[in-house]
Amino acid sequence: MRNKHMKRLIGIVMLVCSIVAIFGLFGNAFADVNGIPDTRGSVYTLMFHAEKYGYNEMPALTVAFSFLIVAASLALIGAFFPGRIGGGILGLSTLFLVAAAIILFLTKSIFLGAATTGGAPIYDEKDLALGVGSLLPAIFAVLGGVLGLYGTYVSFKA
């Protein structure tokens, strides 16, 4: 009985981590470097409005956003699904969260690849540093993924 409640609690905490990660995408994508404020906008802006600012599309960031939404849905379903099937669903949610975190940690490289003119990058790599809009969602996705591993373990141990 205790494992059932633990799995449910872990699933709900994974859901909260996923939601925080989704809303964290609205923070600045890049940090201020050398006292110069960043004007490139949020990760959400880079995902869906990049063309408006003269950048190429960045579908990898859109995939990360989609992974976060799928992970949140699976965490909710897995929390209330009984037995080992629920644990397997939490494990699948873990995979989506970790994949989204890896993509979000690569935001700088993705942006540098998309911000090119004629094959030459517009920005220098040393002028970019990951901001709160890239790091916060990635960290919460990893945290949710680690909790998902424990939730899967608890459900299969019982």
Side-chain angles (χ1 to χ4, degrees), residues 6-79 89-154:
M6 180 64 75
K7 182 178 68 86
R8 187 169 293 158
L9 176 67
I10 288 172
I12 291 171
V13 173
M14 283 178 67
L15 173 67
V16 169
C17 286
S18 300
I19 290 172
V20 169
I22 290 168
F23 284 110
L25 294 172
F26 290 100
N28 282 342
F30 300 106
D32 301 344
V33 178
N34 300 328
I36 302 169
D38 180 63
T39 58
R40 292 172 197 92
S42 66
V43 177
Y44 177 80
T45 303
L46 293 179
M47 279 189 290
F48 298 115
H49 304 294
E51 302 86 28
K52 189 163 81 172
Y53 297 103
Y55 305 129
N56 295 325
E57 292 183 16
M58 296 171 227
L61 295 178
T62 309
V63 168
F65 176 69
S66 302
F67 281 178
L68 288 173
I69 290 176
V70 169
S73 304
L74 288 175
L76 181 63
I77 293 168
I89 293 172
L90 286 181
L92 189 59
S93 177
T94 297
L95 291 176
F96 279 111
L97 283 171
V98 170
I102 290 169
I103 293 170
L104 288 169
F105 278 129
L106 295 173
T107 301
K108 179 178 168 182
S109 300
I110 293 167
F111 178 76
L112 286 172
T116 60
T117 304
I122 298 172
Y123 299 103
D124 191 11
E125 187 173 342
K126 66 179 186 319
D127 293 335
L128 293 175
L130 289 179
V132 93
S134 301
L135 291 176
L136 178 95
I139 290 170
F140 271 93
V142 168
L143 179 65
V146 169
L147 285 171
L149 283 175
Y150 182 70
T152 303
Y153 168 75
V154 164

Check whether any side-chain heavy atom of Tyr44 lies under 4.5 Å from a side-chain heavy atom of Met47, and answer yes or no. yes
Pick from Val63, Ile69, Val70: which one makes a side chain to side chain contact (heavy atoms under 4.5 Å, CB included) with Phe67? Val63
So, does Lys7 use its side chain to make a donor-acceptor pair with the main chain of Gly78 at under 3.5 Å? yes
Once you round to the nearest 0.5 Å, how far does OG of Ser109 lie from CG of Leu130? 8.5 Å
Would you compute the distance between atom CZ of Phe23 and atom CG of Leu136 and round it to the nearest 0.5 angstrom? 12.5 Å
Side chain proximity check, Leu104 to Leu25, heavy atoms < 4.5 angstrom: yes
Do Pro137 and Ile22 have side chains that approach each other closer than 4.5 Å (heavy atoms only, starting at C-beta)? no
Between Thr152 and Gly148, is there a donor-acceptor pair closer than 3.5 Å when you use the side chain of the first and the backbone of the second? yes
For Ala100 and Ala64, the nearest pair of non-hydrogen atoms, with its separation, is CB-O, 3.7 Å
To check you understand the geometry: which heavy-atom pair defines the closest contact between Ser93 and Met14, and what is its length? OG-CE, 3.3 Å
With rounding to the nearest 0.5 Å, note down the distance linking CD1 in Ile19 to CZ in Phe140. 12.0 Å
How close do Gly145 and Val98 get, heavy atom to heavy atom, and via which atoms? CA-CG2, 4.3 Å
Met58 side chain reached by Thr107 side chain, heavy atoms, under 4.5 Å: no
Taking the side chain as every heavy atom from C-beta outward, state whether Phe105 and Leu135 have any pair of such atoms under 4.5 Å apart. yes
What is the minimum heavy-atom distance between Ile10 and Leu147, and which atoms define it? CG2-O, 3.1 Å
Ser66 side-chain N/O to Thr62 backbone N/O, donor-acceptor pair under 3.5 Å: yes
If I compare all heavy atoms of Leu97 with all of Ser18, which pair ends up nearest, and what's the gap? CD2-OG, 3.4 Å
Could you report the tightest heavy-atom contact between Ala60 and Ile103, atom names first, then the distance? O-CG2, 3.3 Å
